[in-house]
Colleague: 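Okay, here's the structure, questions in a sec.
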Number of protein chains: 2
Amino acid sequence: MEIDIDIEEYTAIFKALAHPTRLTIAYNLMKKPECNVNRMSECLNIPQPTVSQHLSILKNAKVITGKRCGNQICYKVDNKKVISILSQLAK
Amino acid sequence: MEIDIDIEEYTAIFKALAHPTRLTIAYNLMKKPECNVNRMSECLNIPQPTVSQHLSILKNAKVITGKRCGNQICYKVDNKKVISILSQLAK
DNA sequence: TGACAATATTCGAATATTGTAATATTCTCA
DNA sequence: TGAGAATATTACAATATTCGAATATTGTCA
């Protein structure tokens with residue numbers, strides 16, 4: 001019964017995605033990359049610090065990355081494995 | 001920014017899979033269905049009651065189902081969405 | 001029926017996660 | 001430089017999860 005995937009790696013990914021707010025953020029970022037924090041906060045109607053905390057969890061799990069674009073920080077899903085998982089969901 | 005997937009449904013799935021033991025069980029069951037509890041307990045070297053608890057969580061999340069086969073209960077992954085997610089992992 | 005094998009449930013302590021509020025940091029640009 | 005916008009961090013109470021131990025339940029078959 002050999003296992004051919006990295007269980008710890010995927011456990012971390014699933015854990016990061018196992019929250020409605022974070023899954024929504026990640027899924028939306030996959031479909032439409034480059035979104036800043038305030039915009040997410042407004043769209044989701046969730047306080048900005050709470051959004052930042054969830055983004056931090058997603059970043060630590062290597063699900064997303066952020067880069068500064070002038071005034072703000074633009075996030076996107078930057079993980080092939082995550083993209084292939086999220087892409088499955090709408091099928 | 002319309003969302004076209006059922007966030008709650010997938011959150012429940014990811015939450016169920018977001019544990020090393022449960023992910024291992026689900027992944028193995030997908031690759032080789034029909035495994036009973038004691039066998040899992042032995043293969044994983046995890047106490048039987050603990051395995052049962054994890055199976056219960058996977059069942060509640062509709063990830064697996066179990067049916068009695070004579071003396072024992074055989075579990076398998078019985079959820080198309082979960083199968084399509086788990087199938088991605090080895091790619 | 002009764003013994004045994006297989007599986008499930010309950011409980012409690014330890015740990016982790018969550019949301020909110022308050023505050024801090026970082027960057028831009030006038 | 002300094003004000004303001006954007007983002008991040010901290011602290012804490014409430015809630016949820018985890019594991020192990022003890023025990024209970026369920027089904028089979030002699």
Side-chain angles (χ1 to χ4, degrees), chain A residues 1 7-26 28-29 32-78, chain B residues 1 7-26 28-29 32-78:
Chain A
M1 197 187 263
I7 290 292
E8 294 299 331
E9 177 185 19
Y10 281 113
T11 296
I13 290 174
F14 288 140
K15 199 169 177 181
L17 296 178
H19 186 285
T21 299
R22 292 197 295 271
L23 180 55
T24 302
I25 289 173
N28 282 330
L29 280 178
K32 193 171 185 313
E34 305 289 328
C35 190
N36 66 53
V37 180
N38 274 334
R39 187 165 154 68
M40 294 185 213
S41 171
E42 287 162 16
C43 287
L44 302 174
N45 198 31
I46 288 173
Q48 173 270 314
T50 301
V51 172
S52 263
Q53 285 187 118
H54 285 304
L55 289 173
S56 170
I57 290 170
L58 290 168
K59 266 188 295 183
N60 290 338
K62 315 283 189 204
V63 168
I64 63 174
T65 57
K67 78 164 184 216
R68 183 163 287 276
C69 309
N71 203 12
Q72 49 214 24
I73 297 179
C74 296
Y75 285 95
K76 65 175 179 178
V77 180
D78 192 14
Chain B
M1 196 188 264
I7 291 290
E8 293 299 330
E9 178 185 17
Y10 280 113
T11 296
I13 290 173
F14 287 140
K15 199 169 179 180
L17 297 177
H19 186 285
T21 299
R22 291 196 296 271
L23 180 55
T24 302
I25 290 173
N28 282 331
L29 280 179
K32 192 172 185 314
E34 305 290 329
C35 189
N36 66 52
V37 180
N38 274 334
R39 188 166 153 70
M40 294 185 213
S41 171
E42 287 162 17
C43 287
L44 302 174
N45 200 31
I46 288 173
Q48 173 271 314
T50 303
V51 172
S52 263
Q53 281 181 327
H54 286 304
L55 290 173
S56 171
I57 290 170
L58 289 168
K59 265 187 296 183
N60 290 338
K62 315 284 189 204
V63 168
I64 64 175
T65 58
K67 79 165 182 213
R68 182 163 287 275
C69 308
N71 204 11
Q72 48 214 25
I73 297 179
C74 296
Y75 285 94
K76 65 174 179 178
V77 179
D78 192 13

Colleague: What is the separation between atom CZ on B/Phe14 and atom P on D/dT17, rounded to the nearest whole Å?
Modeller: 17 Å
Colleague: Please pick, from D/dG20, D/dA22, D/dT28, the nucleotide with the shortest atom-to-atom distance to any side-chain atom of B/Arg68.
Modeller: D/dT28
Colleague: The side chain of B/Ser52 lies closest to which of these nucleotides: C/dG19, C/dT7, D/dT18?
Modeller: C/dT7
Colleague: Could you tell me whether the side chain of B/Ser56 and the main chain of B/Ser52 form a donor-acceptor pair under 3.5 Å?
Modeller: no
Colleague: For the pair made of CG in A/Asn36 and P in C/dC27, what is the distance, rounded to whole Å?
Modeller: 16 Å
Colleague: Is there a side-chain polar atom (N or O) of B/Lys15 under 4.0 Å from OP1 or OP2 of D/dT17?
Modeller: yes
Colleague: What about A/Gln72, does its side chain sit under 3.5 Å from the base of C/dT26 through a donor-acceptor pair?
Modeller: no
Colleague: To the nearest Å, how far apart are A/Leu58 CG and D/dA8 P?
Modeller: 12 Å
Colleague: Please report the distance, rounded to the nearest Å, between CG in B/Leu55 and P in D/dT26.
Modeller: 18 Å
Colleague: Counting distance only, does the side-chain N/O of A/Arg22 pair as donor-acceptor with the main-chain N or O of A/His54 below 3.5 Å?
Modeller: no
Colleague: Tell me: CG of A/Leu17 to C1' of C/dT17, nearest whole Å?
Modeller: 16 Å
Colleague: Between A/Asn38 (CG) and C/dC27 (P), how many Å, whole number?
Modeller: 16 Å
Colleague: If only side-chain N and O atoms of B/Arg22 are considered, is one of them under 4.0 Å from the OP1 or OP2 phosphate oxygen of D/dT18?
Modeller: yes
Colleague: Hey, is the side chain of B/Tyr75 poking within less than 4.0 Å of OP1 or OP2 on C/dA6, counting only N and O atoms?
Modeller: no
Colleague: For A/Thr11 and B/Ala18, indicate whether the former's side chain and the latter's backbone hold a donor-acceptor pair under 3.5 Å.
Modeller: no
Colleague: If we only count heavy atoms from C-beta on, is the B/Val37 to B/Gln72 side-chain gap below 4.5 Å?
Modeller: no
Colleague: With a 4.0 Å limit, can you tell me whether A/His54 has a side-chain N or O closer than that to the phosphate oxygens OP1/OP2 of C/dT17?
Modeller: no
Colleague: Could you state the CD1-P distance from A/Ile57 to D/dT10, rounded to the nearest angstrom?
Modeller: 14 Å
Colleague: Quick check: do B/Met40 and B/Leu29 have side-chain heavy atoms less than 4.5 Å from each other?
Modeller: yes
Colleague: D/dT9, D/dC19, D/dA8: which one has an atom nearest the side-chain heavy atoms of A/Gln53?
Modeller: D/dT9
Colleague: Report yes if a side-chain nitrogen or oxygen of B/Lys59 is closer than 4.0 Å to either non-bridging phosphate oxygen (OP1 or OP2) of C/dA8; otherwise report no.
Modeller: yes
Colleague: Looking at the base of C/dA6, is there any donor atom on it, or on the side chain of B/Gln48, that sits under 3.5 Å from an acceptor on the other one?
Modeller: no
Colleague: Between P on C/dT25 and CD1 on A/Ile73, what's the gap in Å once rounded to a whole number?
Modeller: 16 Å
Colleague: Counting only side-chain heavy atoms from C-beta out, which of D/dA8, C/dG19, C/dT7 sits nearest to A/His19?
Modeller: C/dG19
